[in-house]
Amino acid sequence: MDHKIVLASGSPRRRELMDLVHADYIVIPSDKEEDMSGHNPSTIVERLSAMKANDVAEKVINKIAEGSLSSDYLSSVVIGCDTVVAYEGKVLGKPRDEAQAFEMIRDFAGKSHHVHTGVCLVVIENGIIAKTVNYSVSTAVKVSEMTDDEIRDYIATGETLDKAGAYAIQGRFCPYIESIEGDYYNIVGYPVSSIYHELQKLGIRLFGKL
């Protein structure tokens, strides 16, 4: 049986990656407030991704019941993700303002940090939650030395405020990425390779033939 795919995220980067592999999906974002408490970044992102995916799974079930979503989604999978940056014991989410973005980037410029993305796959069968898979992926990132002017110029691009760690590796920050170890797409916030293989284990196709 084919499962419909629901992306529990309004992130344009995650949608771009789904579109890149020609996935057939709909977007239903979660409106749950993020709780960044805790010290272990893997635990934090796993908890947040599970919160989002389960919230959207309940929305899917309710929408089917009220008739605003096709009964085709009685068999579906909800994909939830959440990403943070961790540096020297500090967990960095999205900066609250440009001043905090400056402090984040200045802290890890010239050094290595890790990007952690939590993934939660909630499988719905016959209109009920049948299985949940929850895990996280980590990638190491080395950023080159940056002057204060370079950091300010980057912040002026407007890319920082909606990004964990205050930068977009696929955007104007790319000249400052010295090296990475692990999945590049995990840094973007959507480890598509691991998601693809985890769905395969569940017998679910992320996309058709390319």
Side-chain angles (χ1 to χ4, degrees), residues 1-84 91 93-94 115-139 162 164 183 185-186 188-210:
M1 179 184 295
D2 287 340
H3 288 73
K4 295 291 187 180
I5 296 176
V6 180
L7 182 62
S9 172
S11 163
R13 275 77 58 188
R14 293 179 181 130
R15 294 199 303 269
E16 286 168 6
L17 288 174
M18 289 288 274
D19 293 340
L20 183 66
V21 298
H22 294 207
D24 186 10
Y25 67 101
I26 63 170
V27 173
I28 301 179
S30 171
D31 51 13
K32 288 284 189 180
E33 186 174 347
E34 293 187 353
D35 176 10
M36 296 291 291
S37 61
H39 301 286
N40 186 307
S42 295
T43 300
I44 292 170
V45 292
E46 287 172 19
R47 183 184 72 244
L48 290 173
S49 64
M51 178 191 72
K52 292 178 179 180
N54 281 288
D55 175 48
V56 172
E58 292 295 336
K59 287 184 178 183
V60 168
I61 292 168
N62 291 335
K63 285 177 177 292
I64 294 170
E66 69 188 19
S68 61
L69 187 63
S70 168
S71 59
D72 291 345
Y73 286 83
L74 286 168
S75 292
S76 55
V77 58
V78 177
I79 304 174
C81 294
D82 202 87
T83 302
V84 299
V91 176
K94 299 172 184 177
V115 179
H116 301 265
T117 298
V119 177
C120 187
L121 310 175
V122 178
V123 181
I124 299 171
E125 301 282 6
N126 298 317
I128 62 172
I129 295 175
K131 188 168 186 177
T132 299
V133 177
N134 194 197
Y135 65 95
S136 59
V137 177
S138 176
T139 302
D162 67 336
D183 183 357
Y185 294 105
N186 181 54
V188 180
Y190 197 67
V192 65
S193 176
S194 74
I195 291 171
Y196 168 72
H197 287 100
E198 289 296 330
L199 289 174
Q200 274 196 319
K201 293 175 188 176
L202 295 168
I204 299 172
R205 294 181 296 176
L206 179 61
F207 52 81
K209 294 181 179 180
L210 295 178

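Excluded from the calculations below are hydrogen atoms, water molecules and symmetry mates; all remaining heavy atoms, backbone and side chain alike, are included. Small disclaimer: the values here were computed from a predicted structure and weren't measured.
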Chemist: Quick check: do V123 and L202 have side-chain heavy atoms less than 4.5 Å from each other?
Modeler: yes
Chemist: How far does CZ of F207 sit from CG of L20, to the nearest 0.5 angstrom?
Modeler: 10.0 Å
Chemist: Mind checking whether L199 and I195 have side chains closer than 4.5 Å, heavy atoms only?
Modeler: yes
Chemist: How many angstroms lie between atom NZ of K131 and atom CD of E125, to the nearest 0.5 angstrom?
Modeler: 10.5 Å
Chemist: Which residues pass the side-chain hydrogen bond (donor to acceptor under 3.5 Å, both in side chains) test with R14, not counting sequence neighbours?
Modeler: S9, T83
Chemist: Does D31 have any salt bridge (Lys or Arg N to Asp or Glu O under 4.0 Å) partners at least two apart in sequence or in another chain, and if so, which?
Modeler: K59
Chemist: Can you confirm whether more than 12 heavy atoms, excluding those of D24, are under 6.0 Å from its CG atom?
Modeler: no
Chemist: With a 4.0 Å cut-off, would you call K32 and D82 a salt bridge?
Modeler: no
Chemist: Taking the side chain as every heavy atom from C-beta outward, state whether Y185 and P191 have any pair of such atoms under 4.5 Å apart.
Modeler: no
Chemist: Using a 6.0 Å cut-off, check whether atom OH of Y73 has over 12 heavy atoms from anything other than its own residue.
Modeler: yes
Chemist: Got a sec, which residues hit salt bridge (Lys or Arg N to Asp or Glu O under 4.0 Å) with D72, two or more places apart in sequence or on another chain?
Modeler: none
Chemist: Kindly say whether E58 contributes a backbone atom to a donor-acceptor pair with the side chain of N62 at under 3.5 angstrom?
Modeler: yes
Chemist: Heavy atoms, side chains only, cut-off 4.5 Å: are I124 and V77 in contact?
Modeler: no
Chemist: Less than 4.5 Å apart, any side-chain heavy atom of N126 and any of L74?
Modeler: no
Chemist: Go through the side-chain N and O atoms of D19 and Y25 and say whether any donor and acceptor fall under 3.5 Å apart.
Modeler: yes
Chemist: Applying side-chain hydrogen bond (donor to acceptor under 3.5 Å, both in side chains), can you list everything that pairs with S194, at least two apart in sequence or on another chain?
Modeler: Y135
Chemist: So I79 and V6, do their side chains get closer than 4.5 Å, heavy atoms only?
Modeler: no
Chemist: Could you walk me through whether I26 and L69 pass side chain to side chain contact (heavy atoms under 4.5 Å, CB included), step by step?
Modeler: CA-CA 11 Å; I26 63 170; L69 187 63; 3.9 Å; yes
Chemist: E46 vs H116, test: side chain to side chain donor-acceptor pair (under 3.5 Å). Steps then yes/no.
Modeler: CA-CA 9 Å; E46 287 172 19; H116 301 265; over 6 Å; no
Chemist: Between CD1 of I204 and CG of D2, what distance do you get to the nearest 0.5 Å?
Modeler: 10.0 Å
Chemist: Heavy-atom distance under 4.5 Å between the side chains of N54 and I129, does that happen here?
Modeler: yes
Chemist: With no hydrogens and no angle check, is any side-chain donor or acceptor of S76 less than 3.5 Å from a backbone partner on H3?
Modeler: no
Chemist: Using side-chain contact (heavy atoms from CB on, under 4.5 Å) as the criterion, point out the one residue from V27, L206, V192 that pairs with M18.
Modeler: L206
Chemist: So does G10 get a backbone contact from the side chain of R15, meaning a donor-acceptor N/O pair under 3.5 Å?
Modeler: yes
Chemist: For N134, enumerate each residue passing the side-chain hydrogen bond (donor to acceptor under 3.5 Å, both in side chains) test, keeping only those at least two apart in sequence or located in another chain.
Modeler: S49
Chemist: Between N186 and T117, is there a side-chain donor-acceptor contact under 3.5 Å, judged purely by atom types and distance?
Modeler: yes
Chemist: Start with the C-alpha gap between N40 and I44, add the side-chain angles, then the distance that decides, and say whether side chain to side chain contact (heavy atoms under 4.5 Å, CB included) holds.
Modeler: CA-CA 6 Å; N40 186 307; I44 292 170; 5.8 Å; no
Chemist: Under the salt bridge (Lys or Arg N to Asp or Glu O under 4.0 Å) test, which residues partner E198, sequence neighbours left out?
Modeler: K201
Chemist: Answer whether the closest heavy-atom distance between the side chains of C120 and V78 falls below 4.5 Å.
Modeler: no
Chemist: When rounded to the nearest 0.5 angstrom, what distance separates CD1 in I61 from CD in E66?
Modeler: 12.5 Å
